[in-house]
S.K.: 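Pasting in a structure now, in structure tokens, and then I'll have a few things to ask.
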Amino acid sequence: MTDATELRTRTREFLAEHPPASTPREEFLRARFDAGLAWVHYPQGLGGLGVPRALQAVVDAELEAAGAPDNDPRRIGIGLGMAAPTILAFGTDEQKQRLLRPLWTGDEVWCQLFSEPGAGSDLAALATRAIPASDGSGDWIVNGQKVWTSNAHNARWAILIARTDPDLPKHRGISYFLCDMTDPGVEVRPLRQITGEAEFNEVFLTDVRIPDAMRLGGIGDGWKVAQTTLMNERVAIGGSRIPREGGMIASTAALWRERPDLRTHDLHQRLLELWVEAEVARLTGERLRQQLVAGQPGPEGSGMKLGFARLNQRISGLEVELLGEEGLLYDDWTLRRPEIVDFTGREAGYRYLRSKGNSIEGGTSEVLLNIVAERVLGLPSEPRTDKDVAWKDLAR
Amino acid sequence: MSATPDLLYSDTEDELRSALRGLLTDRCDPAAVIARTETGEPHDPALWKALAADMGLAGLLIPEDLGGQGATHREVAVVLEELGRAIAPVPYLTSAVIATETLLAGDTTKGGVAAGLLAELAAGRRVAVLALPWTTAPGGAPYAGVEQRDGQLHGRVTGVADALAADVLLVPADGLLYAVETAAEGVAVTAQTALDLTRPTAVVELTGAPARPLTGDPAATRLALDKGLSAGAGLLASEQLGLADWCLTETVRHTRERNQFNRPVGSFQALKHRMAELWLEVVNSRAAARNAADVLATGGDERALAASLAQSYCAPVAVRVAEEALQLHGGIGMTWEHPVHLYLKRAKSDSLALGSAGRHRELIADLVDLPAP
Ligand SMILES: Cc1cc2nc3c(=O)[nH]c(=O)nc-3n(C[C@H](O)[C@H](O)[C@H](O)COP(=O)(O)OP(=O)(O)OC[C@H]3O[C@@H](n4cnc5c(N)ncnc54)[C@H](O)[C@@H]3O)c2cc1C
């Protein structure tokens with residue numbers, strides 16, 4: 001089955017069997033997964049039909065028209081955007097069967113235990129250790145500290161990278177695990193953000209026991225597996241499809257139209273400049289998607305998150321200025337642990353502050369520029385002193 | 001054309017700076033400032049007493065015969081640089097600069113209301129703030145929020161910076177300027193949730209507030225307000241300079257110490273160039289801020305130009321340096337416990353305060369005959 005007509009029929013049949021109005025949300029989502037309509041490009045039996053990704057739009061349109069519930073992707077972004085593609089690419093059959101369905105339906109939330117206090121941009125330098133349990137069970141015992149872990153307070157599972165061999169150079173001694181966040185050795189402490197919220201956390205891992213069956217990819221292959229996660233993360237952050245005047249420019253454009261009293265010549269020119277940039281960025285994203293569908297993936301993807309971060313920051317900064325006296329205000333500093341994060345949500349002050357994180361989370365803009373310079377443009381890298389040195393001998 | 005301004009720091013100014021920096025290092029560390037923002041009392045009264053009364057800094061602009069120190073805007077600018085650097089939660093710019101300048105521009109005859117107030121301000125016994133929205137630029141339209149009936153004031157002013165710390169409000173109403181005690185009946189000052197955690201704004205509501213007039217006619221009011229706001233805008237640049245300087249210094253320190261890829265991140269040329277660019281902008285800010293301070297001090301005819309020049313340059317620089325500081329700190333810069341957010345929030349709010357950079361560029365356009373199309 002490959003074409004849109006067939007898929008449309010199939011979706012309608014599914015809707016007839018599971019009328020959204022009378023089917024409980026969880027039940028509907030699970031049935032949708034089982035019918036292969038969750039993510040159509042995934043294999044049959046894992047929520048998909050093994051058809052091109054572009055056809056998902058056909059399914060989504062039918063479901064939306066029928067008022068069907070969705071899986072609230074904002075709540076489970078790390079699962080959908082990062083854990084799932086990595087599990088799909090490297091997971092065992094058992095892992096895929098056990099994990100993907102509740103991941104997609106949102107029954108199980110995921111978080112990402114990658115960054116550490118000493119390993120951010122240089123993620124491969126991480127120090128969290130996983131060593132084989134001495135009881136011969138084959139389990140791994142994990143100790144270390146992770147930081148900036150978004151959503152750890154809601155998560156049932158984590159994607160985790162840890163060092164299994166400190167004697168090898170840093171990239172080679174890492175393994176990738178799926179960590180049960182309910183293990184008694186996992187301690188999650190809220191970390192307050194400049195927005196007032198505790199969106200991310202510190203996570204302390206003390207003798208956390210992970211069965212070998214929850215290792216993803218080979219021992220020592222963790223860095224390679226993590227690349228899949230990181231690539232998907234950057235697309236997930238910067239690559240979503242938006243309509244004209246969607247995203248960060250929406251509220252600023254609306255404010256301009258609604259409030260003639262705030263308008264000045266200076267702000268007008270700056271708004272228009274950003275409007276043009278936002279529209280062009282949107283078209284670049286659209287073109288990238290067309291390239292993918294046409295089977296000609298281009299390197300533009302590496303730049304999407306860069307542009308996204310820069311635009312979000314500049315637009316929200318302008319919006320605060322445009323507000324004038326109201327720009328002096330903030331909506332709420334209360335310390336909360338949010339369930340979802342919406343970069344374009346709340347008020348202008350929040351958007352201004354939260355968007356500062358866009359050029360840090362998921363790889364900083366500086367690191368992404370290096371990637372563009374070296375992998376896209378082919379420029380030589382800076383001399384490196386850490387490539388062939390055992391991890392344990394590196395400077396910290 | 002006025003004479004070439006003195007853009008350096010004098011020995012006295014350097015001494016003042018080091019005394020003040022010592023005090024602020026002891027009494028105003030970032031962790032304590034952050035902790036205070038989480039309480040219901042954003043201002044630090046003990047620090048204010050130490051600065052205003054003990055060190056006598058509140059009276060710098062006030063002549064000796066009115067109880068002050070008889071110093072100039074140049075020393076005040078140095079104080080503001082240091083307060084900006086320490087992000088100190090004290091009403092110095094609002095009370096010791098703007099309200100003080102406004103009062104000094106009016107009738108300061110001995111025994112009068114203004115003279116009495118100035119003596120109390122100079123002694124650090126009381127705090128006064130101008131009851132105008134913090135975004136009011138010099139030379140703007142007179143504020144229409146408050147009216148006078150039978151000697152009492154009625155009306156509402158929003159976005160008044162430091163009003164929560166004030167004992168006295170200077171309220172423009174119907175062309176005159178009045179002094180209103182915040183403790184009086186008919187006066188309510190309510191905190192707003194402000195972006196700037198260390199210089200919060202408030203709403204002032206006057207419902208039959210008793211008021212003592214400070215000016216005799218609209219022209220005098222206008223002059224006094226312009227003088228206060230223009231000095232505020234010109235000297236705010238020194239606060240912005242201090243703030244930017246702290247952000248850059250701290251970022252340089254952090255990137256020298258923070259190792260990634262087996263080397264300090266500050267050793268990457270991409271970051272070195274970024275910080276070097278910021279340094280250039282801080283250097284320029286210093287010249288613009290010193291110029292404003294000196295022109296205000298010597299009373300030259302380029303007061304308005306110097307103030308607008310300083311604001312239109314220094315305000316965006318402070319924002320940019322604070323934003324870059326956050327970015328170059330990485331994840332730690334996004335946390336509440338690291339002080340860089342206090343600087344970012346202050347810099348962004350400062351860029352709206354006393355006229356935006358865009359507004360000041362418009363003022364410059366008129367002053368230097370580069371009219372709009
Ligand atoms: C809001 C938010 C949410 C996050 N969520 C998660 C999460 O859920 N899970 C997780 O694992 N991590 C998460 N992170 C962490 C994030 O991935 C790291 O903060 C990021 O990779 C940067 O690492 P660092 O903070 O250690 O900064 P550092 O690596 O110390 O960087 C400091 C500065 O140096 C620059 N720099 C570093 N190397 C170079 C270089 N080679 N060339 C030029 N400049 C360089 C950086 O760009 C940065 O400006 C989150 C971060 C934020 C802000």
Side-chain angles (χ1 to χ4, degrees), chain A residues 115 117-125 147-148 170 191-200 264-267 270 313 317 320-321 323-333 335 348-349 352-354 356-357 359-361 364-367 369-370 373 382 384-387 389 394-396, chain B residues 34 37-38 133-136 158-159 161 192-197 199-201 258-265 267-271 274 316 319-320 322-323 326-338 340-342 344-345 348-353 356-359 361-362 372-373:
Chain A
S115 306
S121 298
D122 186 12
L123 184 57
V147 74
W148 327 125
K170 62 180 182 179
L191 199 54
R192 197 176 189 188
Q193 226 174 50
I194 65 172
T195 57
E197 290 189 331
E199 179 193 316
F200 46 33
T264 71
H265 290 294
D266 169 46
L267 292 166
R270 287 160 64 203
Q313 293 171 353
V320 171
E321 277 187 67
L323 279 166
E325 190 195 321
E326 292 154 60
L328 296 172
L329 301 179
Y330 194 71
D331 55 356
D332 188 2
W333 291 119
L335 173 59
Y352 173 68
L353 295 176
R354 182 59 186 82
K356 294 284 168 269
S359 52
I360 301 172
E361 58 201 317
T364 67
S365 289
E366 292 72 30
V367 164
L369 285 168
N370 282 338
E382 297 195 28
R384 297 194 65 158
T385 58
D386 56 350
K387 266 231 146 104
V389 186
L394 294 174
R396 279 191 250 299
Chain B
I34 293 173
T37 67
E38 293 162 32
W134 189 224
T135 45
T136 311
T158 53
Q192 293 178 297
T193 305
L195 178 64
D196 186 352
L197 295 164
R199 183 154 54 213
T201 56
R258 169 71 171 167
N259 278 324
Q260 293 284 276
F261 306 100
N262 212 30
R263 56 194 270 192
V265 292
S267 72
F268 288 111
Q269 246 178 44
L271 297 201
R274 292 260 287 274
V319 173
R320 187 155 48 247
E323 290 178 341
L326 191 158
Q327 176 66 21
L328 298 187
H329 275 76
I332 189 90
M334 274 300 280
T335 60
W336 187 268
E337 73 193 83
H338 192 284
V340 75
H341 69 102
L342 297 178
L344 177 67
K345 290 163 186 175
K348 191 68 184 171
S349 300
D350 276 359
S351 76
L352 299 168
S356 65
R359 178 70 197 125
R361 282 194 294 266
E362 285 169 3

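Computed over heavy atoms, backbone and side chain alike; hydrogens, waters and symmetry mates excluded. Because the structure is predicted, anything quoted here is derived from the model rather than measured. By convention in this document, chain letters (A, B, ...) are assigned in the order of the sequence lines, proteins followed by strands, and residues within each chain are numbered from 1.
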S.K.: Of the backbone (N, CA, C, O) and the side chain (C-beta and beyond), which part of A:Lys170 lies under 4.5 Å from a heavy atom of chain B, both, or neither?
M.R.: side chain
S.K.: Below 4.5 Å from any heavy atom of chain B, which atoms of A:Asp266 appear? Answer side chain, backbone, both or neither.
M.R.: side chain
S.K.: Mind ranking A:Gly349, A:Ser121, A:Gly357 by heavy-atom pairs under 4.5 Å with chain B and telling me who comes out on top?
M.R.: A:Ser121
S.K.: Within the 4.5 Å heavy-atom criterion, are B:Asn259 and A:Leu394 side-chain neighbours or not?
M.R.: no
S.K.: Does the side chain of A:Glu197 reach to within under 4.5 Å of the side chain of A:Arg354, using non-hydrogen atoms?
M.R.: no
S.K.: I need the residue from B:Leu197, B:Leu342, B:Thr335, B:Val319 with the largest number of non-hydrogen atom pairs under 4.5 Å to chain A.
M.R.: B:Thr335
S.K.: Below 4.5 Å, heavy atoms only, C-beta onward: do B:Met334 and A:Trp148 meet side chain to side chain?
M.R.: no
S.K.: In terms of heavy-atom pairs under 4.5 Å with chain B, which of A:His265, A:Arg270, A:Glu325, A:Arg192 leads?
M.R.: A:Arg192
S.K.: Walk me through it: do A:Gln313 and A:Ser359 pass the test side chain to side chain contact (heavy atoms under 4.5 Å, CB included)?
M.R.: CA-CA 9 Å; A:Gln313 293 171 353; A:Ser359 52; 2.8 Å; yes
S.K.: So for B:Arg274, is it side chain, backbone, both, or neither that comes closer than 4.5 Å to the heavy atoms of chain A?
M.R.: side chain
S.K.: Below 4.5 Å, heavy atoms only, C-beta onward: do B:Gln327 and A:Ile360 meet side chain to side chain?
M.R.: yes
S.K.: Of all of B:Lys345, B:His341, B:Gln269, which one pairs up most often with chain A through heavy atoms under 4.5 Å apart?
M.R.: B:Lys345
S.K.: Any carboxylate oxygen within less than 4.0 angstrom of a Lys/Arg side-chain nitrogen, looking at B:Glu323 and B:Arg320?
M.R.: no
S.K.: Take A:Leu323 and A:Leu329, measure what side chain to side chain contact (heavy atoms under 4.5 Å, CB included) needs, and give me the verdict at the end.
M.R.: CA-CA 10 Å; A:Leu323 279 166; A:Leu329 301 179; over 6 Å; no
S.K.: Between A:Val320, A:Thr195, A:Thr264, which has the largest tally of heavy atom pairs under 4.5 Å with chain B?
M.R.: A:Val320
S.K.: Given heavy-atom pairs under 4.5 angstrom as the criterion, report whether the side chain, backbone, both or neither of A:Asp331 touches chain B.
M.R.: backbone
S.K.: Please rank A:Gly120, A:Ser115, A:Ala124, A:Ala198 by heavy-atom pairs under 4.5 Å with chain B and give me the top one.
M.R.: A:Gly120
S.K.: Top residue by heavy-atom pair count (under 4.5 Å) with chain A, among B:Arg359, B:Arg258, B:Arg361, B:Gln192?
M.R.: B:Arg258
S.K.: Check whether A:Leu191 gets within reach of chain B through its side chain, its backbone, both or neither, counting any heavy atom under 4.5 Å.
M.R.: side chain
S.K.: Is A:Ala119 in contact with chain B via its backbone, its side chain, both, or neither, using a 4.5 Å heavy-atom distance?
M.R.: backbone
S.K.: Report the option among B:Thr135, B:Leu344, B:Asn262 that has the most heavy-atom pairs separated by less than 4.5 Å from atoms of chain A.
M.R.: B:Asn262
S.K.: For residues B:Ser267 and B:Pro264, report the shortest heavy-atom separation together with the two atoms involved.
M.R.: OG-O, 2.7 Å
S.K.: For B:Glu38, does the CD atom sit with more than 12 other heavy atoms under 6.0 Å from it, leaving out its own atoms?
M.R.: yes
S.K.: Considering only heavy atoms, which portion of A:Leu267 lies under 4.5 Å from any heavy atom of chain B: side chain, backbone, both, or neither?
M.R.: neither
S.K.: For A:Glu382, which atoms come within 4.5 Å of any heavy atom of chain B: side chain, backbone, both, or neither?
M.R.: side chain
S.K.: Heavy atoms only, distances under 4.5 angstrom: which of B:Thr158, B:Leu326, B:Thr201 has the most pairs with chain A? Name it, please.
M.R.: B:Thr158
S.K.: Looking at B:Ser356, B:Pro133, B:Ala270, B:Ala372, which makes the most heavy-atom pairs under 4.5 Å with chain A?
M.R.: B:Pro133
S.K.: Look at the aromatic rings of B:Phe261 and B:Phe268 and report parallel, tilted or perpendicular, splitting at 30° and 60°.
M.R.: perpendicular
S.K.: Could you please spell out the steps behind the side chain to side chain contact (heavy atoms under 4.5 Å, CB included) verdict for A:Gln193 and A:Leu353?
M.R.: CA-CA 9 Å; A:Gln193 226 174 50; A:Leu353 295 176; over 6 Å; no
